[in-house]
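Naming: A, B, ... by sequence-line order, numbering from 1 per chain.
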Amino acid sequence: MDTPQTHQFKVIGTRPVRHDGLDKVIGRAKYGADYSFPGMLYGKVLRSPYAHARIKSINAEKALRLPGVKAVVTHDDFAPQTTAPVYRMGGEAAVNPLYLASNILAKDKVLYAGQGVAAVAATSPHIAEEALGLIEVEYEPLPIVLDVLDAMKPGAPIINTTIRRKERPDEETNIAGEFQFKRGDIEAGFKSADIIVEREFRTEMVHQGYIEPPNALGIFSGDGHATVYTSTQGPFDVRIMSATLLGLPEGSVKVVPAEIGGGFGAKLTVHIEPVALLLSKHAGGRPVKMVMTRTEMMRGATGPTSGSVLRVRMGATRDGKIVAAKCWFAYEAGAFPGSPVWLGCFTGLSPYNIDNFLVDGYDVLVNKPKTSSYRAPGATNAAFAVECVVDELAQRCGMDPLDFRIKNASREGTPSVMGPKFPRIGCVEVCEALKRSAHYQTPLAQVPGKYRGRGVAIGFWINGGMQSSAIVNVHADGTASLVTGSVDIGGSRASTAMVVAEVLGLRAEDVRPAVADTDSIGYTDGTGGSRVAFATGLAAYQAANDVVRQLKERAAKIWEISPEDVDWIDGKAVSKRNGVAPLTLKDLAPRLTRTGGPVTGRANVYATGVGPSFAGCLVDLEIDPDTAKVQVLRCTVVQDVGKAIHPSYVEGQMQGGTVQGLGWALNEEYVYDEKGNLRNASFLDYRMPTCLDLPMIDPVMVEVANPGHPLGVRGVGEVSIVPPPAAVANAVSAAVGTRITDLPISPPRLYRILAARHG
Amino acid sequence: MAKKQLVETTINGEPVEFLCEPRQSLLESLRDILGLTGSKEGCLTGDCGACTVLVDDRPVCSCLMLGVEARGKKITTVEGLAEGTKLHPLQQKFLEDASLQCGICTPGFLMSAKSLLDRNPNPTEAEIRYALAGNLCRCTGYDKIVRAVMDAAKVIQAR
């Protein structure tokens, strides 16, 4: 049988130059901040200096008198909002519009330092900034709570007085959501265990760290239509959310997606787009451009991901079978509900086939920014805890850490934590490829005067499917164009165009891909959940096959036979009836005019058949005993990628996610003072990895075809971030002889551990 | 607001005059006054390197330099890296080696790497990593960027 593994592809699996690459290396590509319009104003947001306070009054008179200031807006200028959920068309995540509006511009109370309070539009960004200083806001400070465990205690300062737990309807609480997954008999499971390991872990908030500041350019026209240019992962999300906040019909807002300078999940929601529109509306329809400062986005206007407290207890038999697992996860939601704790609950134990488990998760409000998605949201925290405990169990069983994982690994047919059985997955293949790697086969040499260690961990991510639309146009010169609604954040124009080229028998460079605005393409869910190459790729595949169907009809017309008597083989129309020479797309394209007119292929999909992903990370590191600085010496990432369409960009996802995970492991954290002010709101103090901190990252692609996709494609974007924090912690634990339980393993933190253990 | 100043300078080999406020940075002058938006804003505090340009052949964060300080200087931006349609070997290798994902940091990396290769056409991996340590990339993990610079160095040496 012809399967994605055996099929000889011509385009898929090659490494062409990406179509949008040239513009990006000569400085011509237009990102959101690069757009300008005549008469354009500049918007800025005034942000709260308090982590929790009542807003007693806002007086903008002085600001409005400053020459050049054209508008000042506050929360009350949004259309009135309720807490009734607005479903994005994907239906995956309901949005609470009152919370959304209040997070952008506070209503009555500020809930974290950095929350928007008012916004200004002026003729220059400098005047807008001056005007912010002239807005008088009277605050009444309220008690704050920053620690997730403190926030769960009775008597904690309450952040949202309307929230209740189901079983305690009379009690105010900061616990905004509770999740539980269980299977089997947890007590009996632990009774049958010979070895039990139990640990509590802590992680801090971390930022996605995209290099491009969030931006928006809003134009509110006099006829009730509005246009937003913005660097977003989800143009259709921006459309529904902006329309809702401004009280406009969804279809009257057009979102033009600009090139995007990284997002990693944070740019799937709106941050300033509705404000730019609101300011434009109040400034007589003049275009308003807004670009956030780095400090604004770090302080939280765009949402980092949760810090967490993670308790994991796991039991195994002496021969290395995990028999019971109990997890208790509390994630910081920030100031509004909605941490990814449920995804942590679902993913943490997913690599393993465990008969008895209980997972409890809590979504906890604290006076910190509302969290937003960050690459495999929720999974990295949970995997950090689980994979450290698994490592310790393997050690106590006297087993190789990968053999231990293989012995317990989830396979096809294993029920997932949520219940449904896994389709064909590559968890075992990932572990085996790690074992076979030259890296694993080469022992780590110790050097005198340093601590060295090796660590390994694996991770799981569910991946997304959802809705995508695609259009393929055939040009008379025998090339084609592909139009989709998926913002290209890391090479997806290339991969989706390659799918079309494969089907049509063209070269990759003969298919020009474009990302269209929300008026020009059918609904498409955001670029997130590792879904674009999979789902938009599926739409592109189907649209290309729609072209094939029409080309077969045209060939039939030319040959004067029935379309059923035409095959499409290797990019050519072939007659089943007579010996005429096959016709390629290049042969047929110039003849379209006289055989019925232009050919456009279309497809709209709700992609099911999602293939989950597994990845593994192997890391060698060295610790300087004097400074406690950790140097990564060698790092290998293995991932089941299904079918790599453009292997270079698949490797890029693996390497990039791994390095984000290494940063999370070693240095990145939000540091707050006791008043709730973020003390490291810059790239100098929020220490992301530089290239000087790193070795090459060796990617090993494992291709276990996804049976739910015609080409075997799985999402590849996210899972690589999941294993590194645990792999690093396991390596440091091995190096220093003490189990590491807190992230990040930064020099000050590790120095204290070294001092306690080694003096 | 102080009066606007006339700045006479050279940008990408051509003499340029522009008017800017004394408080406007070189980055703002390039982007908002001259329409050269290839240099990117990432932080405005000199920490990310996305706005790197060459000033008299030295790499500078253009967000940390005032527009008026460009007077009499020779400024090279990413728009001036190629010779017409002939790409610089760094640009060519960044494309071939898939060294960019979102591409927002690319102009800054290209300019820092050009400065390195102009000074040292045969750098070691460690020298490349040192020279690029002021440029942040969040997408790639740097692997393919460092390789592209190595590959571009080979092309330049072979000339």
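- Heavy-atom distances place the side chain of A/V659, and not its backbone, under 4.5 Å from chain B.
- Both the backbone and the side chain of A/Q653 come within less than 4.5 Å of a heavy atom of chain B.
- In this structure, chain B has a heavy atom under 4.5 Å from the backbone of A/M292, while its side chain stays farther away.
- Under the 3.5 Å distance criterion, the side-chain polar atoms of A/R18 are matched with a main-chain donor or acceptor of B/Q101.
- Only the backbone of B/T140 comes within less than 4.5 Å of a heavy atom in chain A; its side chain stays farther off.
- Residues A/E651 and B/K144 are paired through a salt bridge, judged by an N-O separation under 4.0 Å between the basic side chain and the carboxylate.
- Between B/L95 atom CG and A/I26 atom CD1 the span is 9.5 Å, to the nearest 0.5 Å.
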Atom pairs and distances, donor-acceptor, side-chain atoms in residues 34-41 of chain B, under 3.5 Å, two or more places apart:
residue	atom	partner	partner atom	Å
B/K40	NZ	A/D34	OD1	3.4
B/K40	NZ	A/D34	OD2	2.5
B/K40	NZ	B/T37	O	2.8

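- A side-chain donor-acceptor contact under 3.5 Å links B/R138 to the backbone of A/Q208.
- Interface remark: A/L662 contributes no atoms to any contact with chain B (heavy atom separation under 4.5 Å).
- Looking only at distances, a side-chain donor or acceptor of B/D143 sits under 3.5 Å from a matching main-chain atom of A/I697.
- A/T293 does not touch chain B: none of its heavy atoms, backbone or side chain, sits under 4.5 Å away.
- Looking only at side-chain heavy atoms (C-beta outward), A/I211 and B/C137 stay at 4.5 Å or farther from each other.
- For B/Q92, no part sits under 4.5 Å from any heavy atom of chain A, backbone or side chain.
- B/Y142 places a side-chain N or O within donor-acceptor distance of the main-chain N or O of A/P689, the cut-off being under 3.5 Å.
- For chain B, no part of A/E259 is nearby; none of its heavy atoms comes within less than 4.5 Å.
- Both the backbone and the side chain of A/L694 come within contact range of chain B, judged by heavy atoms closer than 4.5 Å.
- The contact between B/Y130 and chain A is made by backbone and side chain atoms together, counting heavy-atom distances below 4.5 Å.
- Taking chain A as the reference chain and counting heavy-atom pairs below 4.5 Å, the highest number among B/L100, B/I145, B/N135 is found for B/L100.
- Using a 4.5 Å cut-off between heavy atoms, B/L44 makes no contact with chain A at all.
- Nearest heavy-atom pair across B/G42 and A/P213 is O-CG, 3.8 Å.
- For A/P695, the part sitting under 4.5 Å from any heavy atom of chain B is the backbone (N, CA, C, O) and nothing else.
- Side-chain contact check for B/Q91 versus A/K24: every heavy-atom pair is 4.5 Å or farther apart.
- Minimum interatomic distance between B/E79 and A/G27 (heavy atoms only, all atoms of both residues): OE2-O, 4.1 Å.
- Counting only distance, with no hydrogens or angles, the side chain of B/R31 and the backbone of A/A33 share a donor-acceptor pair below 3.5 Å.
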